[in-house]
Amino acid sequence: MAQIKPSLAKGTRDFSPEEMERRNYIFRVIKKVFKKYGYQEIQTPSFENLSTLTGKYGEEGDKLIFKILNSGDFISKISPEKYAASTAKSLTPLLSEKALRYDLTVPFARYVVMHQNEINLPFKRFQMQPVWRADRPQRGRYREFYQCDVDVIGSESLINEAEFILIYHESLANLGLTDFHIKINNRKILAGFSEIIGKPHLLIDLTVAIDKLDKIGVEGVIKEMEEKGFNAQDISIIRPIIDLTGTNQSKIETLKKVLAHSEIGKLGIQELETVLRYAHKLNRLVDSFIEVDITLARGLNYYTGSIFEVKTNEANIGSIGGGGRYDDLTGMFGLKGLTGVGISFGADRIYDVLLELNLFPENTNRSTEVLITNFDIKAEDLALDILQLIRSKGFAAEFYPTTTKLKKQLAYADNKMIPFVILLGQEELETGLVTLRNMKSGEQQKLSKQDLLTFLIKNN
RNA sequence: GUGGUUUUAGCUCAGUUGGUUAGAGCGCCUGAUUGUGGUUCAGGAGGUCGCCGGUUCGAGCCCGGUAUUCCACCCCA
């Protein structure tokens, strides 16, 4: 077999033991909060039927779905005439009928519809699994990354929204982040804008343009609106709210005036106020983390109510989480009338931020607690006895597998940050006492088996 | 998908107008120390210069293609 130079596929990464230790720390912290708020874990397959995923993420989104090539001689099933008449888009379903999941929300909707008779509404689930996107990689943007999703389906109460704000706040605070904002908006407010200028069909174009405010500025947004077919009068109505500043309350007051004649807009404001009120009631400390931001649009086509996005001000890495309410997600799979709301954490971006800010706890990469050295073959029997004795008490212990120089074995323990090393050789065999070395202080003491266990238990 | 950028030892990076044998720090191995790591000292190994092709007497350096990295768009976690 020809030698292949080893390399990773674009946008993917290996995770070392140290990185896994840190990644698991993030998952552990987030999962604990999810459970605390009554959510239960599920998992869904890495890949779904292609038809389950297509059409859910918009034109651009569909292009980013990783398709899986059919097995077998799929070419023979496509006649030359058919091939000649096809486009890349029409050919795809003939070549591929499976695809890697693009997010966790659509598979969840599929799950809810398929298991509708077993689940207990309102259904509160969380899911922490990798997703794949055929995007061009950048800092904080990978082709394989983990999302941590929490959603509740079958409850229209805005208490859910308020609790998600608390979940964001509590999780990120527990991870050591202090300077972040949970941005909130409501899709109905955006719909109100397009209603008052009489162009509801341009809602998507309007939100996409407004979304770019912090990147291209007010003039840039206006220019884009002009290109999308908004006239000067439309823009004069929208302009006062594009670069809205001030407190959340003063923003809401302005919105009330602008949207006074839009029923949907007024409903959106009312929902927004209710969410803020519930969040305040549950935990006043989250108030200062919430930022009403009407430029927040989010691309996903299915949001209908509240929209969330979390940004940290301590690192330039885009958003570390997002979510919102969708009134009709399961409708695509034939189950009407179920509303859902949920949020997602981007674990990989949170990892990058914590690493940059040096917020990972120390010693998370310690695994083995005791190493038994192996430099005298005559002591092997005793070493194996002690090894299992230590393990039986619940300590992580290992025996250096080959007889070699002590120097090398201590260097191994040092690199692996093993705090205690047991030296076992001729001397120990004669006295019946083992030598225990504290790798941090360099102190050594001779102990009987029983004293050794007592010592370890005391020092754990 | 569009435009730009990066790639040289295990890692982080130098490398002059194209000119003999491509360097440093860290890491690794050996020894000082045959039962003692993290410090110190001495020595050593390790490179088809991302890959393919071209120009040239001669290419790490110039040109074309390709992969990859990062950046700006698009979009998003």
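Keep in mind that the numbers below use all heavy atoms, side chains included, and drop hydrogens, waters and symmetry copies. Here is the naming used below: chain letters follow the sequence lines, and residue numbers restart at 1 for every chain.
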Checklist line | Nearest-Å distance once atom C1' is located in both U68(B) and U8(B) | finding: 15 Å

Margin query: With a cut-off of less than 4.0 Å, is there a side-chain N or O of K212(A) near OP1 or OP2 of C74(B)?
Written below: yes

Next item on the list: Please confirm whether the backbone N or O of K440(A) pairs with a side-chain atom of N438(A), one donor and one acceptor, at under 3.5 Å?
Entry: yes

Next item on the list: Grab the CG-P distance between L8(A) and G50(B) for me, whole Å please.
Entry: 18 Å

Check: Taking a pair as Watson-Crick or G-U wobble with both distances under 3.5 Å, which nucleotide is matched to A42(B)?
Finding: U30(B)

Notebook entry, point to check: Using atom C1' of each nucleotide, how far apart are A14(B) and U6(B) to the nearest Å?
Noted result: 16 Å

Checklist line | Base C76(B) to side chain R349(A), donor-acceptor N/O within 3.5 Å cut-off | finding: yes

Note to self: Do the side chains of K98(A) and E48(A) get close enough for a salt bridge, i.e. N-O under 4.0 angstrom?
What the structure shows: no

Notebook entry, point to check: Base, sugar-phosphate alone, or nothing: which one does E428(A) contact when heavy atoms must sit under 4.0 Å apart?
Noted result: base

Next item on the list: Indicate whether OP1 or OP2 belonging to U36(B) is found under 4.0 Å from a side-chain N or O atom of Q409(A).
Entry: no

Check: So does K215(A) get a side-chain nitrogen or oxygen closer than 4.0 Å to the phosphate oxygens (OP1/OP2) of C75(B)?
Finding: no

Check: Is G323(A) touching bases, backbone alone, or none of the nucleic acid, heavy atoms closer than 4.0 Å?
Finding: nothing

Next item on the list: Assign I320(A) to base, sugar-phosphate, or nothing according to its heavy-atom contacts below 4.0 angstrom with the strands shown.
Entry: sugar-phosphate

Check: For E18(A) and C11(B), what is the distance between atoms CD and C1' respectively, to the nearest whole Å?
Finding: 14 Å

Check: Counting side-chain heavy atoms from C-beta on, which of C76(B), C71(B), C74(B) comes nearest to R139(A)?
Finding: C71(B)

Checklist line | Rounded C1' spacing from U2(B) to C57(B) in Å | finding: 42 Å

Notebook entry, point to check: Watson-Crick or G-U wobble partner for U66(B), using a 3.5 Å limit on both distances?
Noted result: G50(B)

Item checked: Gap in Å between the two P atoms, one belonging to G10(B) and one to G3(B), rounded -> 34 Å

Check: Does OP1 or OP2 of U68(B) have a side-chain N or O of K10(A) closer than 4.0 Å?
Finding: yes

Note to self: Taking only the C1' atom of each, what is the distance from A77(B) to U39(B) in whole angstrom?
What the structure shows: 45 Å

Next item on the list: Classify the angle between the aromatic ring planes of Y351(A) and F360(A) as parallel (below 30°), tilted (30 to 60°) or perpendicular (above 60°).
Entry: tilted

Checklist line | Nearest listed nucleotide, side chain of R141(A), among G31(B), U69(B), C76(B) | finding: C76(B)

Item checked: Distance, rounded to the nearest Å, where R23(A) contributes CZ and A77(B) contributes P -> 17 Å

Next item on the list: Kindly state whether the pair Y412(A) / G37(B) counts as stacked, where counting means centroids closer than 5.5 Å and planes tilted less than 30° apart.
Entry: no

Margin query: Heavy atoms only, 4.0 Å cut-off, all strands: where does Q138(A) land among base, sugar-phosphate and nothing?
Written below: base

Note to self: Looking at E59(A), I want to see if its CD is surrounded by more than 12 non-hydrogen atoms of other residues, nucleotides or ligands under 6.0 Å.
What the structure shows: no

Check: Hey, does K440(A) reach any base, or is it just sugar-phosphate, or nothing, if we go heavy atoms under 4.0 Å?
Finding: base

Note to self: Students often mix this up, so state it plainly: with edges at 30° and 60°, are the rings of F126(A) and F34(A) parallel, tilted or perpendicular?
What the structure shows: tilted

Notebook entry, point to check: Closest nucleotide of RNA chain B for Q444(A) versus for G322(A): which of these residues is on the 5' side?
Noted result: Q444(A)

Next item on the list: Identify which one of F15(A), F27(A), W132(A) satisfies the ring pair (Phe, Tyr, Trp, His ring centres under 6.0 Å) criterion when paired with Y146(A).
Entry: F27(A)

Next item on the list: Decide whether R125(A) and Q40(A) meet the rule of one side-chain donor and one side-chain acceptor closer than 3.5 Å.
Entry: no

Notebook entry, point to check: Would you say the side chain of R136(A) and the base of G3(B) hold a donor-acceptor pair, judged only by whether the two atoms sit under 3.5 Å apart?
Noted result: yes

Note to self: Whole angstroms only, please: what is the NZ-C1' distance between K408(A) and C28(B)?
What the structure shows: 11 Å

Next item on the list: Quick one: label V208(A) by what it contacts on the DNA or RNA (base, sugar-phosphate, nothing), any heavy atom closer than 4.0 Å.
Entry: sugar-phosphate

Check: Got a donor-acceptor pair under 3.5 Å from the side chain of D414(A) to the base of G37(B)?
Finding: yes

Notebook entry, point to check: Mind checking the C1' distance from G50(B) to G44(B)? Whole angstroms is fine.
Noted result: 28 Å

Notebook entry, point to check: How is S344(A) classified with respect to the nucleic acid when contacts are heavy atoms under 4.0 Å: base, sugar-phosphate, or nothing?
Noted result: nothing

Notebook entry, point to check: Is there a Watson-Crick or G-U wobble partner for A14(B) with both distances under 3.5 Å, and which nucleotide is it?
Noted result: none

Next item on the list: Check the distance between U36(B)'s P and I418(A)'s CD1 and give it to me in whole angstrom.
Entry: 19 Å

Check: Among C75(B), C70(B), G35(B), which nucleotide sits nearest the side chain of L64(A)?
Finding: C75(B)

Checklist line | Sugar-phosphate only, base, or nothing, as touched by F345(A) at under 4.0 Å among non-hydrogen atoms | finding: nothing

Next item on the list: Starting at atom CD of E224(A), determine the distance to atom C1' of C74(B), rounded to an integer number of angstrom.
Entry: 11 Å

Notebook entry, point to check: To the nearest Å, how far apart are I26(A) CD1 and A77(B) P?
Noted result: 17 Å

Check: Expressed in whole Å, how much space separates the C1' atoms belonging to U17(B) and C61(B)?
Finding: 11 Å

Notebook entry, point to check: When all nucleic acid strands are considered with a 4.0 Å heavy-atom cut-off, which category describes A413(A): base, sugar-phosphate, or nothing?
Noted result: nothing

Margin query: Please give the distance between the C1' atoms of U21(B) and G4(B) as a whole number of Å.
Written below: 37 Å

Notebook entry, point to check: Looking just at side-chain N and O atoms, do Y303(A) and D327(A) make a donor-acceptor pair shorter than 3.5 Å?
Noted result: no

Notebook entry, point to check: Between atom OH in Y57(A) and atom P in A77(B), what is the gap in whole Å?
Noted result: 11 Å

Notebook entry, point to check: Quick one: which of A77(B), G38(B), G35(B) gets closest to the side chain of T435(A)?
Noted result: G35(B)

Note to self: Under 4.0 Å, counting only non-hydrogen atoms across every strand here, what does G58(A) touch: a base, just sugar-phosphate, or nothing?
What the structure shows: nothing

Check: So does K407(A) get a side-chain nitrogen or oxygen closer than 4.0 Å to the phosphate oxygens (OP1/OP2) of U34(B)?
Finding: no

Notebook entry, point to check: Knowing that exactly one of V286(A), V292(A), D287(A) qualifies, which makes a side chain to side chain contact (heavy atoms under 4.5 Å, CB included) with L276(A)?
Noted result: V292(A)

Note to self: Looking only at the side chain of P137(A) (C-beta and beyond, no hydrogens), which of the listed nucleotides U69(B), A77(B), G38(B) gets closest?
What the structure shows: U69(B)

Notebook entry, point to check: Hey, are K446(A) and E427(A) close enough for a salt bridge, meaning a charged N less than 4.0 Å from a carboxylate O?
Noted result: yes

Checklist line | Toward the 5' end of RNA chain B, by each residue's nearest nucleotide, G425(A) or D135(A) | finding: G425(A)

Next item on the list: Select base, sugar-phosphate, or nothing to describe what G442(A) touches, counting heavy atoms under 4.0 Å on all strands.
Entry: base

Next item on the list: Between G35(B), G3(B), C76(B), spot the one nearest the side chain of R133(A), thanks.
Entry: C76(B)

